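A short worksheet on the structure shown next.
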Amino acid sequence: MRPELQGQFAEHLGHGIYDGIWVGEGSSIPNIHGYRKDVVEALKAIKVPVIRWPGGCFADTYHWRDGIGPQDRRPVRVNTNWGGVEEPNSFGAHEFMNFAELVGAKAYLSANVGSGSPQEASDWLEYLTSDSRSSLASERRANGRDKAWRVDYVGVGNEAWGCGGNMRPGAYADLYRRYSAFLRSSGATPIVKVASGANADDLAWTDTLMAQAGDLIDAISLHFYTIPTGQWAHKGSATEFGEAEWIATLKATLKMDRLIRDHSAVMDKYDPGRRVGLSVDEWGVWLDAEPGSNGAFLYQQNSLRDAVTAAINLDIFQAHADRVRMANIAQMVNVLQAMILTDHEKMVRTPTYYAFDLYQVFQGAVALPVDVAAPDYRFGADSIPGLYASAGRDVAGAVDVALVNPDPSHPVHAEIRLAGLTAHAVRGRILTAPAMNAVNTFDRPDVVKPADFNGAVLKGDVLSVVLPAKAIVVLTLK
Ligand code: AHR
């Protein structure tokens with residue numbers, strides 16, 4: 001399974017970059033060349049495979065030359081998308097590429113298509129990836145980086161139908177064709193070009209894009225956010241919710257599976273061999289901003305509900321890995337469904353972080369078919385499947401099975417037949433908490449945290465598991 005299914009997204013938005021990742025070398029917060037040490041260490045521990053940057057909507061207002069050269073001489077701009085705050089540009093291309101290297105992640109750049117030009121985007125790539133003596137490569141060296149970086153992915157704009165330029169699909173398809181002629185790496189690795197895809201279920205967008213530019217596209221992005229109430233005006237509280245909101249959230253998130261199937265079916269018309277990938281490069285639970293916070297900063301708490309939602313989405317991506325080649329949760333630090341929250345010198349790993357932690361065994365694993373059945377989980381008029389699963393043979397040769405019980409009150413019994421596999425021992429880790437709205441706070445950072453799990457028994461080739469309520473379990477069989 002491609003590690004990129006566990007990718008991250010980091011935008012210049014609220015405290016996603018500044019304070020969240022970057023504090024600068026002079027900060028009293030412990031840092032590695034300006035990057036928060038605690039955040040770098042936490043991200044390394046979950047093996048972040050790829051980071052998408054600098055946006056989001058921000059990307060189509062961003063001009064890369066603002067973010068190079070001496071930091072104190074960089075221009076200050078206004079972040080027009082996210083609260084009109086000052087953008088100091090002290091975190092620019094060098095800072096991002098070095099950060100990705102430090103964390104061990106691939107770089108996924110979003111090029112400015114909305115207000116930029118093919119020349120600007122092409123220069124950016126040459127500046128970053130050329131080992132030649134071209135003026136742009138020499139400028140990079142003069143700015144402190146001798147060796148060319150590797151850029152693996154480039155997004156050709158972001159939400160071109162919306163904040164990226166209010167385009168119609170045909171107009172964007174033409175623009176994509178034009179940009180794609182100029183976006184190339186000067187390094188050995190070709191860049192995967194990601195076209196700006198549909199807004200949720202806009203299948204006509206995908207159809208037009210595939211018909212008019214599919215031959216030049218490597219992947220199409222898909223953005224879908226889970227909103228518990230289904231209403232942008234009142235999305236729902238991150239912490240004050242009951243079982244009705246719990247099941248509504250999980251039910252809403254299952255739309256991801258349908259969206260992938262539907263867009264993929266449209267793509268199949270033009271690309272039956274599935275050369276073109278889907279890149280779900282923005283997904284996650286979008287909730288009301290924390291009371292008292294700046295609403296434009298999209299800062300929200302993160303509960304066990306978010307972790308369960310994340311695990312179900314990771315299962316969905318893994319099940320569709322023949323089409324979904326990358327997914328990037330929105331967003332990595334302090335924004336939306338974050339891995340990490342910071343407050344000055346304090347830092348906390350969220351429940352979602354720990355869901356990614358449990359699932360990291362699937363990075364690079366060979367997918368194994370897994371078919372599980374359980375009675376539906378019902379509450380009121382709502383019902384959803386009562387069990388979710390993924391399985392794979394990991395890079396160490398062990399078989400891993402992830403199981404999610406969405407029912408917040410009742411355990412579920414699962415029996416999994418290991419057809420053709422022999423195993424002698426099973427060990428596991430579980431993520432759960434006493435309350436479905438349990439959160440980790442700066443004062444109590446370990447409320448939702450993985451623990452050892454001993455509730456699985458191997459009987460011959462059958463794995464029998466009693467899965468506690470509202471739990472994610474990952475079992476490793478040897
Ligand atoms: O992730 C927040 C915003 O959501 C992104 O900037 C944009 O692409 C999307 O609408």
Side-chain angles (χ1 to χ4, degrees), residues 7-18 20-21 50-62 77-85 87 91 96 108-116 153-167 172 194-202 205 219-228 230-233 235-236 238 252-253 255-256 259 278-290 293-300 302 306 309-310 313 326-341 350 352:
Q8 301 282 333
F9 169 37
E11 180 168 12
H12 287 240
L13 194 178
H15 295 297
I17 302 288
Y18 301 109
I21 295 171
V50 58
I51 305 172
R52 176 175 183 248
W53 173 87
C57 295
F58 179 82
D60 282 296
T61 62
Y62 182 66
R77 306 286 183 204
V78 175
N79 188 333
T80 49
N81 281 292
W82 304 115
V85 296
E87 165 56 59
F91 191 93
F96 171 69
Y108 176 10
L109 300 178
S110 300
N112 180 344
V113 167
S115 66
Y153 298 94
V154 172
V156 184
N158 170 75
E159 298 192 351
W161 40 266
C163 64
N166 293 323
M167 287 176 237
Y172 173 72
V194 184
S196 174
N199 180 15
D201 48 15
D202 182 359
W205 181 279
I220 297 184
S221 71
L222 171 65
H223 291 183
F224 170 61
Y225 285 98
T226 299
I227 299 171
Q231 294 168 22
W232 284 98
K235 295 176 273 296
T253 219
K255 186 174 175 187
M256 180 67 88
L259 288 174
L278 259 182
S279 177
V280 189
D281 56 25
E282 286 188 30
W283 68 274
V285 185
W286 193 324
L287 301 161
D288 292 339
E290 274 305 288
S293 69
N294 181 336
F297 286 7
L298 311 185
Y299 178 82
Q300 62 192 46
N302 193 295
D306 295 87
T309 309
N313 278 279
M326 175 161 59
N328 309 74
I329 190 168
Q331 298 192 5
M332 195 160 65
V333 186
N334 288 333
V335 177
L336 297 177
Q337 191 179 350
M339 302 296 110
I340 290 170
L341 301 176
T350 66
T352 298

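What you see is a predicted model, and the numbers here were worked out from it, not measured in a lab. All values below come from the heavy atoms of this structure, side chains included, with hydrogens, waters and symmetry mates left out. We count ligands from 1, going down the list as the structure has it; atoms in each ligand are counted the same way.
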So which of [options] actually passes side-chain contact (heavy atoms from CB on, under 4.5 Å) with [X]?
X	options	answer
Ile51	Phe9, Tyr153, Phe96, Tyr108	Phe96
Gln8	Val333, Ile329, Asn328	Ile329
Arg52	Leu109, Val194, Asn158	Asn158

How does [X] reach ligand 1, by side chain, by backbone, by both or by neither, if only non-hydrogen atoms under 4.0 Å count?
X	value
Leu336	side chain
Trp82	side chain
Asn158	side chain

Using a strict cut-off of 4.0 Å, indicate which atoms of ligand 1 neighbour a heavy atom of [X].
X	value
Phe9	1 (O)
Glu159	7 (C), 8 (O), 9 (C), 10 (O)
Gln331	1 (O), 2 (C)
Glu282	1 (O), 3 (C), 4 (O), 5 (C), 7 (C), 8 (O), 9 (C)

Review point. What's the shortest heavy-atom distance between Ser110 and Ala59, and which atoms?
Key: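 That closest heavy-atom pairing would be CB-CB, 3.5 Å.
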Review point. Which atom names give the shortest non-hydrogen contact between Ser293 and Tyr299, and what distance separates them?
Key: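 Reported closest heavy-atom pair: OG-O, 4.0 Å.
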**Study point:** Within-shell test, Tyr225 vs ligand 1, heavy atom, strictly < 4.0 Å
**Key:**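 It does; at least one heavy atom falls under 4.0 Å.
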**Study point:** Heteroatom proximity flag, Cys57 to ligand 1, N/O under 3.5 Å
**Key:**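 Yes, there is a polar N/O contact under 3.5 Å.
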Exercise for review: Could you tell me whether some N/O pair between Trp286 and ligand 1 is separated by less than 3.5 angstrom?
Suggested key: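 Checking ligand 1 against Trp286, no N or O pair falls under 3.5 Å apart.
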Exercise for review: Could you check whether the rings of Trp232 and Tyr225 sit parallel, tilted or perpendicular, using 30° and 60° as the cut-offs?
Suggested key: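 Plane angle over 60°, so perpendicular.
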Review point. Do the side-chain N and O atoms of Asn199 and His223 include a donor-acceptor pair separated by under 3.5 angstrom?
Key: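 Distance-only check fails for Asn199 and His223.
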